[in-house]
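Working notes, structure below.
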Amino acid sequence: MFLKHIAYGLITFVLINLLIAFIYEYPAYKAIKNKTHKNYLKWNSIHSNKNAYDLIVLGSSRSYTGFNPNIIDEGLNLESFNMGTSAQDIAESYYTLVEILDYQNPKYVVLETYLDLSDDSHDYYQIFSNASFFNSKKNKYSLIAEGYGTKGIGNYLIPLMKFNQYIKKEITSLFSENNKKPPKKNWYKGFYRDTVVVTKEQIKAFGPISNYNNKSFNRERFDTYFNKIYELTKSKGIKLFTLRTPYPPTRIKINDNKDEENFYKDYFQDYNDVGYFDLNNYKINKFTYSDTDFSDYHHANYTGASIMSQQLVDIISTHYLNQ
């Protein structure tokens, strides 16, 4: 009887995981089949257009809504590609770059930074969605096993673990009145042109920006993987620079805490050949943001992306183009 109970429990566990995998993976399967899946489209461009891109942007959704290759390419007369992906962690940025450099030989790599990108809380669904399109099995295995250890392997193998936070959101949404249809996605060279504008009600509900009191930050993890990115780009003769992407001005004014700003400013002083630029205060007499340049509390919309992209053009033109 004891063995039967164990067997029934295992069968039930397997069936639940298969059901969860079907519910959450099937839409991605359909999107890939229809060639509308954003990570599929990004990696297809990287893999099929060999040595086509001069500039690669790495980072989270704050990057892929913020840097418009149309503006960047026109301003710099080069080919750029936005490889920002949802919730891209610093380790994921490194292994993504390893895969990219098997197919591309860029002159510049831009790395977005903010505290959330190096903590101990990971969105494994988004991470593994990105890695699932790596052509290299070695790179994929390294990302899972070396980048995230036993937790990474567990989340890769067990859908109930990987989709845990999404299941919680689904349950919460049952009691929410927010049933708005999401806007149609408009992608170009990895950039998402977001037409949503943050509302006055959302602005009133803004909280303070990332700091050590409201965010976890793993300094050792950041050191490890930033140095891997640094050494890799240096070995390939690629110019690496880092950017702190902007926040709505109302959020910045909430308090005087500058943990995030000060950490990166101090950290990158130890790297003489790595530029660091904070888009919140880069040439503010020329590039000014308003709350309506954002779609929510930290993602730029298409007007904010225009400013961010122009700042990136100015940074490269001023500091790197003639080097």
Side-chain angles (χ1 to χ4, degrees), residues 31 35-90 92-114 116-117 126-127 129-131 133-134 183-196 229 233 238-246 277 279 293-295 298-317 320:
K35 297 183 179 180
T36 58
H37 192 287
K38 67 177 185 291
N39 288 343
Y40 165 82
L41 294 172
K42 284 173 182 276
W43 282 110
N44 185 56
S45 293
I46 293 294
H47 290 143
S48 61
N49 299 304
K50 197 160 185 180
N51 295 329
Y53 303 116
D54 306 298
L55 182 149
I56 300 289
V57 176
L58 296 174
S60 68
S61 55
R62 286 158 58 102
S63 288
Y64 75 58
T65 64
F67 295 109
N68 184 345
N70 258 327
I71 296 172
I72 297 166
D73 295 356
E74 184 177 345
L76 296 171
N77 193 28
L78 49 67
E79 292 290 332
S80 62
F81 196 87
N82 192 324
M83 272 306 295
T85 56
S86 298
Q88 190 178 111
D89 170 68
I90 186 70
E92 186 184 355
S93 293
Y94 168 68
Y95 290 106
T96 295
L97 182 59
V98 172
E99 176 77 9
I100 288 170
L101 295 185
D102 285 342
Y103 297 87
Q104 302 296 327
N105 184 29
K107 298 174 184 176
Y108 308 100
V109 166
V110 181
L111 177 67
E112 173 215 352
T113 58
Y114 77 115
D116 295 47
L117 301 186
Q126 297 294 349
I127 292 165
S129 170
N130 185 25
F133 297 103
F134 288 9
K184 186 178 179 181
K185 302 294 184 185
N186 187 347
W187 294 91
Y188 172 71
K189 292 177 76 174
F191 164 68
Y192 170 43
R193 186 180 185 275
D194 194 345
T195 57
V196 173
I229 293 170
T233 53
I238 299 167
K239 188 62 188 177
L240 170 68
F241 60 100
T242 59
L243 300 176
R244 180 172 176 249
T245 48
F277 304 91
L279 300 189
D293 290 320
F294 296 81
S295 60
H298 70 164
H299 291 98
N301 58 27
Y302 73 101
T303 60
S306 177
I307 300 170
M308 288 175 64
S309 302
Q310 289 172 48
Q311 284 180 302
L312 179 54
V313 169
D314 189 272
I315 287 166
I316 294 177
S317 299
Y320 299 109

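If you're wondering where the values come from, they're calculated on a predicted model, not measured in any experiment.
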>> Pairing donors with acceptors under 3.5 angstrom, does anything connect the side chains of Glu92 and Asn130?
In response: yes
> Do Asn44 side-chain atoms and Tyr40 backbone N/O form a donor-acceptor pair below 3.5 Å?
Replying inline: no
>> Tell me whether Asn77 at atom CG has more than 12 heavy atoms from other residues, nucleotides or ligands lying less than 6.0 Å away.
In response: no
>> Parallel, tilted or perpendicular: which one describes the rings of Phe81 and Tyr53, with boundaries at 30° and 60°?
In response: tilted
>> Nearest 0.5 Å, please: how far is CG in Leu55 from CE in Met83?
In response: 13.0 Å
> Which pair of non-hydrogen atoms, one from Pro69 and one from Phe191, has the smallest distance, and what is that distance?
Replying inline: CD-CB, 3.4 Å
>> Consider side-chain contact (heavy atoms from CB on, under 4.5 Å). Of Thr96, Leu101, Ile46, Ile238, which one does Ile56 pass it with?
In response: Ile46
>> Could you tell me if the side chain of Asn105 sits less than 4.5 Å from the side chain of Asn51, heavy atoms only?
In response: yes
>> For Phe133 and His37, take the angle between the two ring planes, folded into 0 to 90°, and tell me which bin it lands in: parallel under 30, tilted 30 to 60, perpendicular over 60.
In response: tilted
>> Working note: Val109 + Ile100, criterion side chain to side chain contact (heavy atoms under 4.5 Å, CB included); need CA distance, chi angles, decisive distance, verdict.
In response: CA-CA 11 Å; Val109 166; Ile100 288 170; over 6 Å; no
> Are side-chain heavy atoms of Leu78 and Tyr108 found at a separation under 4.5 Å?
Replying inline: yes
> With a 4.5 Å limit on heavy-atom distance, are the side chains of Lys38 and Ser86 in contact?
Replying inline: yes
> Is the shortest heavy-atom distance from the side chain of Ser295 to the side chain of Thr195 under 4.5 Å?
Replying inline: no
>> I'd like to know if the side chain of Asp194 pairs up with that of Thr65 as donor and acceptor (distance under 3.5 Å, no hydrogens or angles considered).
In response: no
>> So which atom in Val313 and which in Ile72 form the shortest heavy-atom distance, rounded to 0.1 Å?
In response: CG2-CA, 3.7 Å
>> Checking Gln311 against Phe277 for the side chain to side chain contact (heavy atoms under 4.5 Å, CB included) test, could you report, in this order, the C-alpha distance in whole Å, the side-chain angles of both residues, the deciding distance, and whether it holds?
In response: CA-CA 10 Å; Gln311 284 180 302; Phe277 304 91; over 6 Å; no
> Which atom names give the shortest non-hydrogen contact between Ala300 and Met308, and what distance separates them?
Replying inline: CB-SD, 3.7 Å
>> So Asp54 and Leu76, do their side chains get closer than 4.5 Å, heavy atoms only?
In response: no
>> Once rounded to the nearest 0.5 Å, what's the spacing between atom CD1 of Ile307 and atom CG of Asp293?
In response: 4.0 Å
> Between atom CD1 of Ile315 and atom CD of Gln310, what is the distance when rounded to the nearest 0.5 Å?
Replying inline: 12.0 Å
>> Listing request: all salt bridge (charged side-chain N to carboxylate O under 4.0 Å, His left out) pairs with a residue in residues 57-85, at least two apart in sequence or in separate chains.
In response: Arg62-Glu112, Asp73-Lys189, Glu79-Lys189
> Can you tell me how far the OG1 atom of Thr85 sits from the CH2 atom of Trp43, to the nearest 0.5 Å?
Replying inline: 8.5 Å
>> Please determine whether the number of non-hydrogen atoms from other residues, nucleotides or ligands lying under 6.0 Å from atom OH of Tyr302 exceeds 12.
In response: no
> If you round to the nearest 0.5 Å, how far is CZ of Phe134 from CG of Asn39?
Replying inline: 9.5 Å
> Any side-chain heavy atom of Ser80 sitting closer than 4.5 Å to one from Val57?
Replying inline: no
>> Against Leu111, only a single residue in Leu243, Thr233, Ile90 fulfils side-chain contact (heavy atoms from CB on, under 4.5 Å); can you say which?
In response: Ile90
> For Ala52, does its backbone N or O pair with a side-chain atom of Gln104 as donor and acceptor, under 3.5 Å?
Replying inline: yes
>> If I take atom CG from residue Asn82 and atom CG from residue Asn68, how far apart are they, to the nearest 0.5 angstrom?
In response: 9.0 Å
> Can you name the closest pair of heavy atoms from Ser60 and Ala87 and give their distance?
Replying inline: CB-N, 4.3 Å
>> Would you say that Tyr320 contacts Lys107 through its side chain, given a criterion of any heavy-atom pair below 4.5 Å between the two side chains?
In response: no
> Are His298 and Tyr114 side-chain neighbours, meaning at least one heavy-atom pair lies under 4.5 Å?
Replying inline: yes
